[in-house]
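Small disclaimer: the values here were computed from a predicted structure and weren't measured.
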Amino acid sequence: FYRSTFYSLAFFPEVSLLGASGGRIVVGNPGSAPTQSLVTVGTDDIHGFAESRGKFGVRFLAGGFGGGVRVSNDSGVTWAASNTGLMNLNVTSLASGLPLPDSSGEALFAGTYGDGVFASTDNGQSWFSRGETISSFQVTALTVAHSGLYVAGSGGKVFRSSDWGTSWQEVGPGLPYTELLCVNSVEDGLQEWVYCGTLDAGVWRCPASGGTWTPMNTGLGNLRVNA
């Protein structure tokens with residue numbers, strides 16, 4: 001891992017995964033740092049992970065910038081490409097957590113840099129585009145929250161969908177014009193907040209119920225926030 005760049009880290013009940021440059025994935029035991037084994041799946045940078053539980057059992061997915069989506073059925077030991085229907089292989093983020101209507105599992109979402117969001121309802125076997133509003137959006141991050149699916153990207157924009165990505169509404173206004181590097185949702189007991197980290201403007205938050213973005217940078221010495 002000399003001179004590797006690390007892009008993603010995920011902890012699941014069965015395994016921990018660390019994504020790096022050069023198609024490298026470090027696999028570890030659940031609940032501990034991923035140091036158990038190194039798997040090289042390609043040459044692209046690994047930007048995100050997700051877990052899927054459904055009719056194909058438990059699967060782990062990795063998103064690569066240039067290689068698309070790869071799936072593992074054996075807790076990260078082996079990986080295989082799974083890009084049917086995915087028109088853009090520059091995958092920057094993955095998320096799961098929205099139950100399917102037939103209770104057969106969870107919907108999966110892949111954010112791409114230039115073609116918006118794709119979804120899968122068969123545990124990552126195939127993908128289809130979600131929503132014309134963001135069909136050309138450069139997605140850098142996405143997350144599933146209580147209030148819906150959130151995507152963030154270039155140009156200082158965050159979009160939310162409450163119908164599986166069929167329609168999207170911009171969250172805001174108030175964000176600076178910059179690239180957003182991460183997005184998340186937090187509930188404080190009173191309401192739900194949406195947070196995003198930026199390339200050069202720190203952390204911003206907005207009520208999930210609607211409102212204006214405000215900076216949250218007191219004490220933050222570095223205004224590049226990756227996660």
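- In this structure, Phe128 has its ring center no closer than 6.0 Å to that of Phe118.
- Annotation: side chain of Leu149 is not in contact with side chain of Trp164 (no heavy-atom distance under 4.5 Å).
- Contact of the Asn123 side chain with the Leu61 side chain is not registered, since no non-hydrogen atoms from C-beta on lie closer than 4.5 Å.
- Two residues are said to be in side-chain contact when any heavy atoms from C-beta on lie closer than 4.5 Å; Tyr7 and Ser21 meet this criterion.
- Screening residues 61-95 for ring-ring contact (aromatic ring centres under 6.0 Å, His included) gives His47-Phe65 as the qualifying pairs, with residues at least two apart or on separate chains.
- Summarising the geometry of Ser75 relative to Ser72, their closest heavy-atom pair is N-OG, 3.7 Å, with the distance given to 0.1 Å.
- One finds no salt bridge joining Lys157 and Glu179 here, because no Lys/Arg side-chain nitrogen approaches an Asp/Glu carboxylate oxygen to under 4.0 Å.
- When Val41, Val26, Val91 are each tested for a side-chain contact (heavy atoms from CB on, under 4.5 Å) with Ile46, only one passes: Val41.
- Remark: Ser209 OG to Gln191 CD distance equals 5.5 Å, nearest 0.5 Å.
- Heavy atoms from other residues, nucleotides or ligands lying under 6.0 Å from CD of Glu132 number 12 at most.
- Contact check for Thr178 versus Leu199: side-chain heavy atoms found under the 4.5 Å cut-off.
- The backbone N or O of Leu108 sits nowhere less than 3.5 Å from a side-chain atom of Ser96 that would complete a donor-acceptor pair.
- Side chains of Val69 and Trp127 form a contact here, defined as non-hydrogen atoms less than 4.5 Å apart.
- Cys196 SG to Arg205 CZ: the interatomic distance, rounded to the nearest 0.5 Å, is 12.5 Å.
- A salt bridge does not link Arg24 with Asp44: none of the charged nitrogens is closer than 4.0 Å to a carboxylate oxygen.
- Leu18 has its side chain out of reach of Ile25: every pair of non-hydrogen atoms, C-beta onward, lies at least 4.5 Å apart.
- Under a 4.5 Å side-chain heavy-atom criterion applied to ILVMFWY residues, the cluster that includes Val171 comprises Tyr150, Val158, Leu175, Leu180, Val183, Val194, Trp204, Trp213 as well.
- Side chains of Arg130 and Thr166: a donor on one and an acceptor on the other come within 3.5 Å.
- Put simply, CD on Gln125 and OG1 on Thr121 are 10.5 Å apart, with the number rounded to the nearest 0.5 Å.
- Taken to the nearest 0.5 Å, the OG atom of Ser185 stands 9.5 Å off from the CZ atom of Arg160.
- With a 4.5 Å cut-off on side-chain heavy atoms, Asn184 and Thr143 count as touching.
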